[in-house]
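Worth saying up front: this structure is predicted, and the values here are computed from it rather than measured.
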Amino acid sequence: DAMVIQNPRYQVTQFGKPVTLSCSQTLNHNVMYWYQQKSSQAPKLLFHYYDKDFNNEADTPDNFQSRRPNTSFCFLDIRSPGLGDAAMYLCAIGRGTDTQYFGPGTRLTVL
Amino acid sequence: GESVGLHLPTLSVQEGDNSIINCAYSNSASDYFIWYKQESGKGPQFIIDIRSNMDKRQGQRVTVLLNKTVKHLSLQIAATQPGDSAVYFCAENGGTGFQKLVFGTGTRLLVSP
């Protein structure tokens, strides 16, 4: 059974139209991460939640926001998607410093 | 700054051969390293990890070697199979209290039958 579930798997949005990507987990891990992965590149950490504490990476654009309403769910909000935001968005979970487990990703297309 | 890089972008092998994927890291303070396998259209899948107090760790058909002297990490896959074809990323942990992964650039492994 999947430990990390991401919905939708494919998302198409228009330039400037807000979009929300969803991640849920079945393991109750306290840390949830969001990564951006562009084609043929390594995943790049955007931010993470340690319990309820939000931790933003210094180079993450303000256009990207996140919410974690409870332990199981975490959302990535892109307020005004640009063409450069087209990528695979990966959610991962972890328990403290333990190994991260990744979801299948959501591929975002911006028209 | 921190960086993790790979020597080869693409590795082509024949089915049944042993594969070796290499990775160099620059942060000598890193104490935890992980190898992930990523198939096309999927998220990274954990393969094996190693802590800095070890030189070698073995899993099923995979071995990770860590050479702290030269800051080098390698993944060895025995009897490579077509299903092993994927992009392999090494990553080091740069976080404290949580796992902040710094990924290498990735190596594409192509296995021919």
Side-chain angles (χ1 to χ4, degrees), chain A residues 2-10 21 23-25 27 29-60 68 87-109, chain B residues 1-10 21 23-26 29-53 57 59 62 64 73 86-110:
Chain A
M3 296 180 289
V4 184
I5 302 155
Q6 291 191 244
N7 285 304
R9 295 293 313 278
Y10 301 90
L21 309 182
C23 177
S24 63
Q25 59 156 319
L27 295 182
H29 281 3
N30 64 327
V31 192
M32 295 187 78
Y33 305 82
W34 279 105
Y35 290 83
Q36 180 192 64
Q37 185 178 26
K38 296 191 176 181
S39 181
S40 299
Q41 295 184 21
K44 179 180 177 299
L45 182 64
L46 294 174
F47 28 60
H48 77 277
Y49 270 95
Y50 194 105
D51 295 322
K52 296 181 180 179
D53 295 331
F54 177 72
N55 298 272
N56 199 31
E57 291 299 301
D59 57 354
T60 298
R68 189 178 186 185
M88 175 79 89
Y89 289 89
L90 296 162
C91 175
I93 63 171
R95 200 166 41 193
T97 57
D98 288 352
T99 303
Q100 287 185 37
Y101 294 96
F102 285 81
T106 294
R107 182 164 296 283
L108 178 68
T109 300
Chain B
E2 298 176 6
S3 68
V4 178
L6 296 180
H7 297 307
L8 298 173
T10 302
I21 301 172
C23 177
Y25 64 94
S26 60
S30 293
D31 61 358
Y32 181 60
F33 304 87
I34 312 103
W35 281 99
Y36 283 93
K37 171 187 179 183
Q38 188 173 25
E39 296 176 274
S40 181
K42 298 183 179 179
Q45 176 188 358
F46 171 85
I47 301 173
I48 192 167
D49 58 2
I50 189 168
R51 297 202 176 271
S52 60
N53 61 353
R57 190 163 188 223
V62 294
V64 55
L73 191 69
V87 177
Y88 290 80
F89 290 100
C90 66
E92 60 178 322
N93 180 29
T96 302
F98 72 100
Q99 199 184 76
K100 178 174 178 175
L101 295 180
V102 177
F103 282 87
T105 54
T107 293
R108 183 175 300 279
L109 177 65
L110 299 175

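Side chains of Lys100(B) and Glu57(A) form a contact here, defined as non-hydrogen atoms less than 4.5 Å apart. Side chains of Tyr33(A) and Leu101(B) form no contact here, defined as non-hydrogen atoms less than 4.5 Å apart.
Of all heavy-atom pairs spanning Leu90(A) and Gly43(B), the tightest one is CD2-CA, 3.8 Å. Shown here for Phe103(B) and Pro43(A), the closest heavy-atom pair between the two residues is CD1-O, 3.6 Å.
Checked against ring-ring contact (aromatic ring centres under 6.0 Å, His included), Tyr49(A) has the following partners two or more places apart in sequence or in another chain: Phe54(A).
Side-chain contact of Thr99(A) with Tyr36(B): a donor-acceptor pair under 3.5 Å is absent, judged by distance alone.
Only the side chain of Arg9(A) comes within less than 4.5 Å of a heavy atom of chain B; its backbone N, CA, C and O stay farther away. Using a 4.5 Å cut-off between heavy atoms, Gln37(A) touches chain B through its side chain atoms alone. For a residue to count as touching a neighbouring chain, one of its non-hydrogen atoms must lie under 4.5 Å from one of that chain's; by this rule Gln100(A) touches chain B with backbone and side chain alike. At a 4.5 Å heavy-atom cutoff, the contact between Gln38(B) and chain A is made by side-chain atoms alone.
With a 6.0 Å radius and a threshold of 12 heavy atoms from other residues, nucleotides or ligands, Arg68(A) has its CZ atom above the threshold. Summarising the local packing, NZ of Lys44(A) is surrounded by more than 12 heavy atoms from other residues, nucleotides or ligands at distances under 6.0 Å.
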